[in-house]
Amino acid sequence: MVASSEHEHPKKALGWAARDTSGVLSPFKFSRRETREKDVTFKVLFCGICHSDLHMVKNEWGISTYPLVPGHEIVGEVTEVGSKVQKFKVGDKVGVGCLVGSCKTCDSCANDLENYCPKQIQTYGAKYLDGTTTYGGYSDIMVADEAFVIRIPDNLPLEGAAPLLCAGITTYSPLRYFGLDKPGMHVGVVGLGGLGHVAVKFAKALGVNVTVISTSANKKDEAIKHLGADSFLVSRDQDQMQAAMGTLDGIIDTVSAVHPLPPLISLLKANGKLVMVGAPEKPLELPVFSLIMGRKTLAGSNIGGIKETQEMIDLAAKHNITADIEIIPIDYLNTAMERLAKGDVRYRFVIDIGNTLKPAI
């Protein structure tokens, strides 16, 4: 007989889970494994709400299994470490992002790119090495292999750091990999949401000239005065777009809705790069001529490896970069999901787990 999720492991845990494609979340008793020799156990204090959590609770990508405890922007304080843990001790501030495991033997893993390991284990909704289901950070306790735990520097507020474990690394990694991190370069950021606003912050910290590209003219003041962008383009304004043709070294496109690519490609200089980090549900059209004429590149990028994620967090601490957040109690979760679906958040919801999720009894 298969053990219930509540009795599968020794450590009692409490979270909020979706039970079906309605996506409605409610309290859920389950269990976490005992702290193994290389494990770090921590009390979850905050967890960000990523747009992918919304897709997953409703099974919009067709890969969800229920009950599903979302959350992969998890931060807290270490309460126990295994006997062979070397990097962390009780009391440390730590985080876990989108991954809790990988094969550790493939080329990607050998190059610190666990995020591209074909056997990567997602933080929630996946099967762990022991065959049990992984549950995410909408919960009071987390146990993870130290190789997938990130140290959060003391000067970085935990609540503002949480979204960086997904949104931060998702935008930081392509800036680095595609060489869009050289002072004086001109980089565009498409979309000013959870991903876009941190893309602007990291690009500016790297010394890059940043243009925010949005369909909404009313975000101009926010982009320039609050986030520090250098300029702003309204993508629906043909005159503005025409005037900016051929001016950008690269673009980070964070938009997850279907949108036309040729106007963005036209903004690139010769050899420019358009990097997709948003994931529209339907295929986008790509007139290849727009790439050929200028030797331009269309690419994608998905989060980052653990080493690079730590590098990103350390840079965030150095430059005081945090996500702009709205802190919510756990019982506001379903309302927050409804608001997220409408884009009504500036720019990331973060659940105050430590103060509002009653511990498992």
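Under the 3.5 Å distance criterion, with hydrogens and angles disregarded, no donor-acceptor pair is assigned to the side chains of Gln120 and Ser102. A side-chain donor-acceptor contact under 3.5 Å links Thr211 and Ser231. Looking at Tyr347 and Glu222, their side chains do bring a donor and an acceptor atom within 3.5 Å of each other.
Residues Leu99 and Ile63 fall into different hydrophobic clusters, defined by Ile, Leu, Val, Met, Phe, Trp and Tyr side chains chained together at heavy-atom separations under 4.5 Å. Using a 4.5 Å cut-off between side-chain heavy atoms of Ile, Leu, Val, Met, Phe, Trp and Tyr, with links allowed through other members, Leu113 and Met312 fall into different hydrophobic clusters.
Side-chain atoms of Lys93 come within 3.5 Å of backbone atoms of Asp154 as a donor-acceptor pair (strictly under, hydrogens ignored). A donor-acceptor contact shorter than 3.5 Å links the side chain of Arg19 to the backbone of Ser26.
Going from atom CG of Leu25 over to atom CD1 of Ile330 covers 8.0 Å, rounded to the nearest 0.5 Å. Here the straight-line distance linking atom CE of Met142 with atom OG1 of Thr41 works out to 10.0 Å at 0.5 Å rounding. Note that the CG atom of Leu158 and the CZ atom of Phe46 stand 6.5 Å from one another [nearest 0.5 Å]. Atom CG of residue Leu340 and atom OG1 of residue Thr335 lie 12.5 Å apart, to the nearest 0.5 angstrom.
The aromatic rings of His72 and Tyr124 sit tilted relative to each other, their planes meeting at an angle between 30° and 60°.
Contact check on Lys358 versus Asp331 returns no salt bridge, with no Lys/Arg side-chain nitrogen under 4.0 Å from an Asp/Glu carboxylate oxygen. Ion pairing of Lys104 with Glu114 is absent here, as no side-chain N (NZ or NE/NH1/NH2) approaches a carboxylate O to less than 4.0 Å. Salt-bridge check for Arg348 with Glu73: passed, with a basic side-chain N closer than 4.0 Å to an acidic carboxylate O. Electrostatic pairing of Lys58 and Asp53 does not count as a salt bridge here, judged by no charged N lying under 4.0 Å from a carboxylate O. With salt bridges taken as basic N to acidic carboxylate O contacts below 4.0 Å, none links Glu326 and Arg346. Between Lys43 and Glu80 there is no salt bridge, since no side-chain nitrogen of the basic residue lies less than 4.0 Å from a carboxylate oxygen of the acidic one. A salt bridge links Asp39 with Arg33; the closest basic N to acidic carboxylate O contact falls under 4.0 Å. Of the charged side-chain nitrogens involved, at least one lies within less than 4.0 Å of a carboxylate oxygen, so that Asp230 and Lys204 count as a salt-bridged pair.
Heavy-atom neighbours of Tyr177 OH from other residues, nucleotides or ligands within 6.0 Å: at or below the threshold of 12. At most 12 heavy atoms of other shown residues, nucleotides or ligands fall within 6.0 angstrom of atom CG in Asp107. Counting heavy-atom neighbours within 6.0 Å of Lys87 NZ, excluding the residue itself, gives a total above 12. Environment of NZ in Lys220: sparse, with no more than 12 heavy atoms of neighbouring residues, nucleotides or ligands closer than 6.0 Å.
Each of His186, Lys182, Lys269 was compared with Asp249 under the side-chain hydrogen bond (donor to acceptor under 3.5 Å, both in side chains) criterion, and only Lys269 meets it.
Pairing each heavy atom of Phe30 with each of Ser139, the nearest pair is CZ-CB, 3.7 Å.
Side-chain atoms of His259 and Asp253, non-hydrogen and from C-beta on, do get closer than 4.5 Å to each other.
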